[in-house]
Amino acid sequence: MRVAIIGCGNMGMAYAKSFLQNNLVKPENMLLVARSPARQTELEGRQAGRVVLGITQEVGLYDLVIVAVKPQDFSAVARELRDVVQPHQMVLSIMAGIPIARLQQELAHPLIIRAMPNTPALIGLGMTAYAAAEGLTVRQIRQVENLINSTGRAVFLEQENLLDAATAVSGSGPAYFFYIVRAMIEAGRQLGFDEALAAQLVKQTMLGSFHLLNNSEKSLDELIKAVASKGGTTEAALTVFGERDLAGALIGGISAAERRAGELSKG
Ligand SMILES: NC(=O)C1=CN([C@@H]2O[C@H](COP(=O)(O)OP(=O)(O)OC[C@H]3O[C@@H](n4cnc5c(N)ncnc54)[C@H](OP(=O)(O)O)[C@@H]3O)[C@@H](O)[C@H]2O)C=CC1
Ligand SMILES: O=C(O)[C@@H]1CCC=N1
């Protein structure tokens, strides 16, 4: 498959790296589009494909065009891409918020897949939710899904409107996890550990807890109960979390992320 990527930042390059590592795309079949000469030089150094400056006619020669710029940059990209995109090409957007209808309208192009990945895609452990415009064949959708699967797991959403919720839950999710890990390490530090030891205690605890959750028949409530002895230390912590409504704060934050995706949809 021949793939052009517009927006070769964190996510665009995570995709490029995965496709190459899994031999789904050959370097000679990958086109990386930069918007500045400095970025062009930097991308050339990565040897992940041919690098061009700007959205040239060449972009029209690829089977799939991935748009991975910030949502705020999309309209500028669309003004150039709409003159270049060819009827047979598929366009995969990973931009937060922007709905398929707006992508189709601004690009004057029907064959759109909209996906929401997350940063663990960098190591092949990503979670992507995606939806497809009507008019794409099952074969075309499978071709794109095969690429996405090289970055981790993927779920197809029949209802595109759930993509904003996926953005809030799994797209932004890694940042919530890192936020909690950071707070736990800081607590360890304040209780007397040096940074490295606090980080080791927390990271192994998160890793072990994840695998326990994944391999256990117990519900989350039961898993919590199995740690929190009556009148013990965990209960003391959970009481403070409850008094400060930590769960409510997390749910409220995730709802705010979903609302923000809705705002980004309008440009
Ligand atoms: N980061 C994340 O966790 C996730 C991000 N996303 C989505 O992915 C998209 C990209 O995010 P992310 O990778 O973090 O952002 P980055 O800022 O790392 O990457 C965006 C890239 O787009 C480039 N760019 C902007 N305009 C153009 C243009 N006209 N032509 C060519 N390149 C252009 C920028 O170039 P330059 O370097 O020159 O500024 C930059 O390299 C966003 O829409 C975001 O919503 C989705 C899921 C997760
Ligand atoms: O924060 C953002 O807008 C993007 C979308 C999901 C993760 N990062």
Side-chain angles (χ1 to χ4, degrees), residues 3-16 19 30-36 38-40 43 49 51-119 121 126 128-136 140-141 144 147-148 151 157 159-168 170-172 175 256-267:
V3 176
I5 302 181
I6 303 172
C8 301
N10 291 315
M11 295 309 297
M13 289 312 287
Y15 267 41
F19 304 162
M30 181 92 77
L31 186 74
L32 306 175
V33 178
R35 71 167 160 182
S36 71
R39 190 96 184 115
Q40 183 183 19
L43 289 173
V51 186
V52 289
L53 183 60
I55 301 167
T56 60
Q57 293 292 330
E58 198 180 341
V59 172
L61 300 175
Y62 288 73
D63 304 307
L64 176 71
V65 180
I66 298 179
V67 182
V69 301
K70 297 281 184 203
Q72 295 87 341
D73 288 326
F74 170 61
S75 287
V77 165
R79 280 193 290 277
E80 296 179 47
L81 184 56
R82 62 182 288 146
D83 294 333
V84 167
V85 71
Q86 298 300 309
H88 71 275
Q89 288 185 299
M90 293 180 283
V91 175
L92 168 64
S93 163
I94 63 161
M95 295 176 290
I98 304 184
I100 289 173
R102 186 177 150 209
L103 296 163
Q104 288 176 317
Q105 196 220 330
E106 292 201 32
L107 292 172
H109 187 74
L111 303 183
I112 306 284
I113 293 183
R114 179 183 163 204
M116 179 43 55
N118 62 14
T119 52
T128 297
Y130 74 100
E134 281 174 26
L136 281 140
Q140 284 175 314
I141 296 172
V144 174
L147 289 177
I148 294 174
T151 68
L157 297 179
Q159 288 174 286
E160 188 207 344
N161 60 3
L162 278 175
L163 267 172
D164 285 353
T167 304
S170 55
S172 301
E258 198 248 4
R259 283 196 300 280
R260 180 66 189 140
E263 288 163 14
L264 288 170
S265 71
K266 298 178 185 89

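We number each residue from 1, following the sequence as shown.
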Practice task
Please name the pair of heavy atoms, one in Leu32 and one in Cys8, separated by the smallest distance, quoted to 0.1 Å.
Solution key: CB-SG, 3.8 Å
Exercise for the section: Please name all residues satisfying salt bridge (Lys or Arg N to Asp or Glu O under 4.0 Å) with Arg39, sequence neighbours left out, ordered by chain then number. Expected result: Glu42
Practice task
Applying salt bridge (Lys or Arg N to Asp or Glu O under 4.0 Å), name anything that partners Arg260, two or more places apart in sequence or on another chain.
Solution key: Glu263
Completion exercise
Between Gln104 and Ala133, the two heavy atoms sitting closest are NE2-CB, 3.5 Å
Exercise for the section: With the side chain counted from C-beta on, respond yes when Asp73 and Arg35 share a heavy-atom pair under 4.5 Å apart, and no when they do not. Expected result: yes
Practice task
Check each of Val3, Leu64, Ile5 against Leu92 using the side-chain contact (heavy atoms from CB on, under 4.5 Å) test, and report the only one that passes.
Solution key: Leu64
Practice task
Nearest 0.5 Å please: distance from the CD1 atom of Ile100 over to the OG atom of Ser265.
Solution key: 13.0 Å
Handout entry: Verdict with reasoning, Val91 to Val67, per side chain to side chain contact (heavy atoms under 4.5 Å, CB included)
Key = CA-CA 7 Å; Val91 175; Val67 182; 3.9 Å; yes
Handout entry: Test item: Leu163 and Tyr130 side chains (from C-beta on) under 4.5 Å apart, heavy atoms
Key = no
Exercise for the section: List the steps, then state whether side chain to side chain contact (heavy atoms under 4.5 Å, CB included) holds for Val52 with Gln40. Expected result: CA-CA 7 Å; Val52 289; Gln40 183 183 19; 5.6 Å; no
Can you give the donor-acceptor pairs under 3.5 Å from side chains of residues 54-62 to other protein atoms, not counting sequence neighbours?
{"unit_1": "Thr56", "atom_1": "OG1", "unit_2": "Glu58", "atom_2": "N", "d": "3.4"}
{"unit_1": "Glu58", "atom_1": "OE1", "unit_2": "Arg50", "atom_2": "NH2", "d": "2.6"}
{"unit_1": "Glu58", "atom_1": "OE2", "unit_2": "Arg50", "atom_2": "NE", "d": "2.8"}
{"unit_1": "Glu58", "atom_1": "OE2", "unit_2": "Arg50", "atom_2": "NH2", "d": "3.3"}

Show me the donor-acceptor pairs, under 3.5 Å and distance only, between side chains in residues 107-115 and residues at least two apart or in other chains.
{"unit_1": "His109", "atom_1": "NE2", "unit_2": "Gln89", "atom_2": "O", "d": "2.6"}
{"unit_1": "Arg114", "atom_1": "NE", "unit_2": "Ile98", "atom_2": "O", "d": "3.2"}
{"unit_1": "Arg114", "atom_1": "NH1", "unit_2": "Glu160", "atom_2": "OE2", "d": "2.8"}
{"unit_1": "Arg114", "atom_1": "NH2", "unit_2": "Asp164", "atom_2": "OD1", "d": "2.9"}

Exercise for the section: Go through the structure and list residues passing ring-ring contact (aromatic ring centres under 6.0 Å, His included) with Phe74, not counting sequence neighbours. Expected result: none
Handout entry: Minimum-distance pair of heavy atoms, taken over all atoms of Gly126 and Asn118
Key = CA-OD1, 3.3 Å
Handout entry: Minimum heavy-atom distance between Ala129 and Ala166, given as atom pair plus value
Key = CB-CB, 3.8 Å
Problem - Crowding at CD, Glu134 (>12 non-hydrogen neighbours, <6.0 Å) - result: no
Handout entry: OG1 on Thr167 to CD on Glu258, rounded to 0.5 Å
Key = 8.5 Å
Completion exercise
For Pro117 and Ile94, the nearest pair of non-hydrogen atoms, with its separation, is CD-CB, 3.8 Å
Exercise for the section: Enumerate the residue pairs fulfilling salt bridge (charged side-chain N to carboxylate O under 4.0 Å, His left out) with a member in residues 80-106, sequence neighbours excluded, ordered by first and then second residue. Expected result: Arg102-Glu106
Fill in the blank from the handout: In this structure, CG of Leu264 is separated from CE of Met95 (nearest 0.5 Å) by 10.5 Å
Completion exercise
Between the CE atom in Met30 and the CD1 atom in Ile66, the distance rounded to the nearest 0.5 Å is 7.5 Å
Practice task
For residues Ala257 and Ala168, report the shortest heavy-atom separation together with the two atoms involved.
Solution key: CB-CB, 3.7 Å
